[in-house]
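Report on the following structure.
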There are 2 protein chains.
Amino acid sequence: MHKATLGDDVFGRLLDLIYSGELPPGAELNEVALAERFAVSRGPVREAVRRLQGVQLVSRAPFLRARVITLEPTAVRELFEVREALEGYACRLAAELMTDDEIAALMEGLEANNVAAGSQARISVAAAFDFHERVVRASRNRRIIDALCGDLYHLLRLYRRWSGAAGERKAIAYTEHRQILLAIRARDADLAESLMRSHISRAAENLVDHLPPPAAPAADDRSAASGRRRRAARPDLHECH
Amino acid sequence: MHKATLGDDVFGRLLDLIYSGELPPGAELNEVALAERFAVSRGPVREAVRRLQGVQLVSRAPFLRARVITLEPTAVRELFEVREALEGYACRLAAELMTDDEIAALMEGLEANNVAAGSQARISVAAAFDFHERVVRASRNRRIIDALCGDLYHLLRLYRRWSGAAGERKAIAYTEHRQILLAIRARDADLAESLMRSHISRAAENLVDHLPPPAAPAADDRSAASGRRRRAARPDLHECH
DNA sequence: GTCGGCAAAAGTGTCGACACTATCAGCCGT
DNA sequence: ACGGCTGATAGTGTCGACACTTTTGCCGAC
């Protein structure tokens, strides 16, 4: 069937490199180096980089080197405003369109995860993703789903990866998620949208407060380009939005 | 400075072909044919087509031919829902962020255009675009601005190009625009967002009602691929959203 | 006459080489 | 010594050719 093309493969691998921190924010993407590394020609690499540019994970000008985006607080704010608008609206649609069965299933998953959260915080995070994703998909709007679960989701992961936001929001998130779901079950679209917006807004504040120092422009760390350094302090710490 | 690259050039030219109707919805984009036509190699054409895919103006699977998107009513609805969410939010931000001077200037432009609309309907449309664009830009959110004035704007133009929506909304639009602007001036963010949403929602209904028949799958018109036919009935009729 | 398989054609994916542009080091003049 | 200029260098943009996939048209079997 759809035999995966090399470009798609390289795209995924570059995403992994970015998520893993091997390509930290601000790192430059050298087409030939990447092509060598992945043992492919420059064509697929080019295409993958262009796609990353389309997702706004890398910034690029015509003849200049492509760079992984930096984590400016302004950009974080703008990203979360878009999430507020889009995911809030998706939540409204969900309140109008979800079937009772879907709501019940989501509620069940939320509760089941909450009891498990005490011992294993990790799976709580995964479930938080799951909650947001399921609400978004319930909007039945392919364009919104693609935007939130595709492009914006990548950026979100990147920001979370590099933010030192602590886990205190994990506990709060459950409560907020539950309130949102209750509003959906009550078919109160206005309330559901409002709650989702507040939820995301608070997550944004939490995240921006824990952003790393603005990439201290001291010229000491001049080695971020092609090497494989800067191991992640906490290799896989995610945070609840 | 930024010497335009061939890929950018081809991208723009393809946009023109799509807008002009020479590449109608559903037409397939042949890379070699386009490369010949533009007197460039397949590389730039490939890149341009990929960018069009990123903007969702063409749909494409790995080894299949790229096609200009079709105008399904569902897709129109989804597009306008995104506009409702995003542009409504932008309107809220505008109500909070616009300076009094900006508001006064926009009001002035709106009024000036209204008096001119009686004689020349064409410029009224351009001004409607201008109104929406200026409100969006007032959101100060680069991500929202890029989305609405970039990707989604292209789609909007395409839909309007192929919809037979009549001009009765032009008159109504002025009133609605004015109400929105009054809400902004009153710094009533909730009202401004709500009004903008209603405005866009009504425009969506108007547009979807006038969509062309769902590309009647009768096999009579098998000639839509590479030639240059199907002249526009009304070469440049735009419609107010 | 219709259906299924097969081979040619059309089209996209990938590659390596060449052309053009930006960056940086060193040189010259002041 | 400092600033501007000029090469060399690294990197991206473009090209034409080849490999792989899908589609299409044809042929024979049922």
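Values in this document were obtained by computation on a predicted structure and should not be read as measured data. Any value given below was found using the heavy atoms of this structure, including those in side chains, with hydrogens, waters and symmetry copies removed.
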Closer than 4.0 angstrom, basic N to acidic O: yes or no for [X] and [Y]?
| X | Y | answer |
| --- | --- | --- |
| R197(A) | E193(B) | yes |
| E31(B) | R60(B) | no |
| E102(A) | R140(A) | yes |

Whole angstroms only, please: what is the [atom1]-[atom2] distance between [X] and [N]?
| X | N | atom1 | atom2 | result |
| --- | --- | --- | --- | --- |
| L34(A) | dC15(C) | CG | C1' | 17 Å |
| F38(B) | dC15(D) | CZ | C1' | 17 Å |
| L64(B) | dG11(C) | CG | P | 13 Å |
| R67(B) | dT22(D) | CZ | P | 16 Å |
| Q53(B) | dT12(C) | CD | C1' | 13 Å |
| E36(B) | dA10(C) | CD | C1' | 13 Å |
| N30(B) | dG13(C) | CG | C1' | 14 Å |
| R65(B) | dT22(D) | CZ | P | 12 Å |

Comparing nearest nucleotides in DNA chain C, the 5'-proximal residue of the pair V32(B), P44(A) is V32(B)
Note: for E47(A) and R42(A) on DNA chain C, the residue whose nearest nucleotide lies more 5' is E47(A)
Of the options [options], whose atoms approach the side-chain atoms of [X] most closely?
| X | options | result |
| --- | --- | --- |
| S41(B) | dG16(D), dT14(C), dG11(C) | dG16(D) |
| F63(B) | dG13(C), dC15(C), dG13(D) | dG13(C) |
| L6(A) | dC15(C), dT12(D), dT12(C) | dC15(C) |

Does the cation-pi check pass for R157(B) over Y19(B), that is, NZ or CZ under 6.0 Å from the six-membered ring centre and within 45° of its axis?
-> yes
Touch class at under 4.0 angstrom, heavy-atom based, for R50(B) against every strand present = sugar-phosphate
Which part of the nucleic acid, if any, lies within contact of L29(B), taking any heavy atom under 4.0 Å across all strands shown: a base, the sugar-phosphate backbone alone, or nothing?
-> sugar-phosphate
So, is R46(A) close to the dC15(C) phosphate, meaning a side-chain N or O under 4.0 Å from OP1 or OP2?
-> no
At under 4.0 Å, does any side-chain N or O of T5(A) touch on OP1 or OP2 of dT14(C)?
-> yes
Salt bridge (charged side-chain N to carboxylate O under 4.0 Å, His left out) contacts touching residues 70-80 of chain A (sequence neighbours left out) = R77(A)-E81(A)
